[in-house]
Amino acid sequence: MRRLAALLCTLAVTFTSSTAYSSPGVTYYGGYHTVAGHEQHNAAVAAAHPDLVKLYDIGDSWLKAKGQGGHDIQALCITKLAPGDCALNSTGKKPKFVLHAQIHAREIATGEIAYQWIDLLVASYGVDPELTELLDTRELWVVPIANPDGVDVVASNPAQPLLQRKNVDDSAGDCTAGYPGVDLNRNSSFHWDGDQGGPCDEMYPGAKAASEPETVAIQGLLSAIFAGRTGVFITLHSYGNDILAPWGYTRTAAPDQAALVALGNKMSAFTGYPVFTGDGGIGYLTPGSTSDWLYGTRGVPSYTFEIGPRTGWCAGFVPPYSCIASTFWPLLKPALVYAAKSAATPYGPLP
């Protein structure tokens, strides 16, 4: 999400919607998972744990919607399944926690954290008392790859991932020296701002609010499962080691700002990431973001985690794969567990 890194980057990506980007197997760049790798993992986890996992196709990527290849947008619901659990409606009895990753394709660490979270949950049931109770009492939803077409572009150069941020919708025109596509984290139907940039700019919000099938898929899932003001949503981004709470589109305080920051501070105790609102932390506003949309339409506490330091070995959009285990996951694992526990009473009292 950082403009400075984008400006410093000298690697540009140029393509049209007819370009076929192939992912090199199931992993790339030292161990990161391609879209195919995630899809195989999702299917294998659902098949191995039918008592714990439901796998959903919640919509299409832009290329698939156009009949040009592409992917389904996949979501997993993980819980100890009982009647009524993991339905695509808000009537279930269990509070819901959603982890949403890689809406910006080049932020590759985010999809890996989702992968680790899925494995932790399914491996821990009946083994770890804390996580067993979590699966008994919560629905834990995961969208590992929210922008699969973009991830295909990133992974198409496995030795040095391409820095595609957006989806691959090039319908607004060619970008011969830039990045075509729509920034899916500026495309929501809540405070969408058409002045965020042109079609070749990295923050291009699309021709209109919710113009992209990926946005429709995510908003459709979240609107279906959340009734309002219970649950917790975290979307993972890179980088900066920040936790961002609503609002992101304005510096005006959100109605629940004190409670949102209080829960953010609880999660910060595990990660060490400071909590910001407005343009704090990142230095610019984010109209049309996923987290603002969910909080603004449902009242669900929604957070953006910016994973990774600003400098050092594990900084940047494409850190070495070893950073997942050495640096990111040990901090994020307890924060995600705490967030999921908080889903029942996110505005307090907190666990």
Side-chain angles (χ1 to χ4, degrees), residues 49 51-54 56 75-101 113-114 117-118 120-143 218 221-236 243-246 254-271 273 275 277 290-305 331-351:
H49 302 278
D51 59 328
L52 299 177
V53 181
K54 280 191 174 182
Y56 285 99
L76 301 92
C77 180
I78 305 174
T79 191
K80 180 59 176 175
L81 286 161
D85 287 347
C86 291
L88 291 176
N89 58 55
S90 61
T91 61
K93 296 180 179 179
K94 295 177 180 177
K96 298 170 175 65
F97 170 65
V98 177
L99 184 67
H100 170 267
I113 295 301
W117 177 241
I118 292 166
L120 172 72
L121 295 176
V122 298
S124 298
Y125 191 80
V127 177
D128 181 295
E130 179 183 38
L131 293 174
T132 297
E133 181 181 6
L134 195 66
L135 268 71
D136 283 339
T137 59
R138 304 287 188 271
E139 288 183 11
L140 306 162
W141 290 79
V142 190
V143 181
I218 297 301
L221 171 67
L222 298 178
S223 63
I225 66 174
F226 282 115
R229 297 192 64 79
T230 60
V232 174
F233 172 84
I234 292 176
T235 179
L236 300 178
I243 296 174
L244 310 178
D256 303 290
Q257 179 166 302
L260 291 165
V261 171
L263 176 53
N265 284 334
K266 291 284 190 177
M267 296 184 288
S268 174
F270 299 103
T271 62
Y273 300 175
V275 180
T277 61
T290 312
S291 54
D292 271 6
W293 176 86
L294 182 57
Y295 174 69
T297 61
R298 292 294 188 274
V300 175
S302 303
Y303 298 87
T304 298
F305 278 35
L331 299 177
L332 290 164
K333 172 187 169 183
L336 297 179
V337 171
Y338 185 87
K341 287 182 178 180
S342 302
T345 57
Y347 291 110
L350 296 173

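Only a predicted model underlies this, so the values are computations on that prediction, with no experimental measurement involved. Values below: every heavy atom of this structure, side chains too, minus hydrogens, waters and symmetry copies.
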Report task. Identify, with sequence neighbours excluded, every residue that meets side chain to side chain donor-acceptor pair (under 3.5 Å) alongside Y303. Result ->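 Not a single residue meets the side chain to side chain donor-acceptor pair (under 3.5 Å) criterion with Y303.
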Report task. List the steps, then state whether side chain to side chain donor-acceptor pair (under 3.5 Å) holds for Y125 with D51. Result -> CA-CA 10 Å; Y125 191 80; D51 59 328; over 6 Å; no
Query raised in the report: Looking at E130 and K341, does any basic side-chain N land under 4.0 Å from a carboxylate oxygen?
Result: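 Result for this pair is yes, salt bridge flagged.
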Query raised in the report: Charged N to carboxylate O below 4.0 Å: is that the case for D85 and K54?
Result: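 So D85 does not pair with K54 through a salt bridge.
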Query - Plane angle bin for Y56 and W141 - parallel if under 30°, tilted between 30 and 60°, otherwise perpendicular - result: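 Parallel: the ring planes of W141 and Y56 meet at under 30°.
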Heavy-atom check, side chain of [X] versus side chain of [Y], under 4.5 Å:
| X | Y | value |
| --- | --- | --- |
| I113 | F305 | no |
| I218 | V143 | yes |
| I234 | M267 | yes |
| T230 | T345 | no |
| L263 | S342 | yes |
| F233 | T290 | yes |
| T304 | L236 | no |
| S268 | V275 | yes |

Taking all non-hydrogen atoms of both residues, which atom of [X] and which atom of [Y] are closest, and how far apart?
| X | Y | answer |
| --- | --- | --- |
| L260 | A254 | CD1-CB, 4.1 Å |
| A340 | L140 | CB-CD2, 3.6 Å |
| S302 | P246 | O-CD, 3.0 Å |
| A344 | P346 | C-CD, 3.5 Å |

Measure the spacing between [atom1] of [X] and [atom2] of [Y] and express it to the nearest 0.5 Å.
| X | Y | atom1 | atom2 | value |
| --- | --- | --- | --- | --- |
| I118 | L99 | CD1 | CG | 8.5 Å |
| L134 | Y338 | CG | OH | 13.0 Å |
| N265 | Y273 | CG | OH | 15.0 Å |
| I78 | L76 | CD1 | CG | 5.5 Å |
| C86 | K80 | SG | NZ | 12.0 Å |
| I225 | C77 | CD1 | SG | 7.5 Å |

Report yes or no: does [X] contribute a side-chain atom to a donor-acceptor pair with the main-chain N or O of [Y] at less than 3.5 Å?
| X | Y | value |
| --- | --- | --- |
| R298 | A227 | no |
| T132 | D128 | yes |
| Y295 | D256 | yes |

Query raised in the report: Can you list the steps and then say if V232 with V300 is a side chain to side chain contact (heavy atoms under 4.5 Å, CB included)?
Result: CA-CA 6 Å; V232 174; V300 175; 5.7 Å; no
Report task. Take F226 and V98 through the test side chain to side chain contact (heavy atoms under 4.5 Å, CB included) and record every step on the way to the result. Result -> CA-CA 10 Å; F226 282 115; V98 177; 3.7 Å; yes
Query raised in the report: How about K94 and T79: does a side-chain donor come under 3.5 Å of a side-chain acceptor?
Result: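 There is such a pair (donor and acceptor under 3.5 Å, judged by atom type) between the side chains of K94 and T79.
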Query raised in the report: Would T271 and L332 count as a side chain to side chain contact (heavy atoms under 4.5 Å, CB included) if you check the C-alpha gap in whole Å, the side-chain angles of each, and the deciding distance to 0.1 Å?
Result: CA-CA 6 Å; T271 62; L332 290 164; 4.2 Å; yes
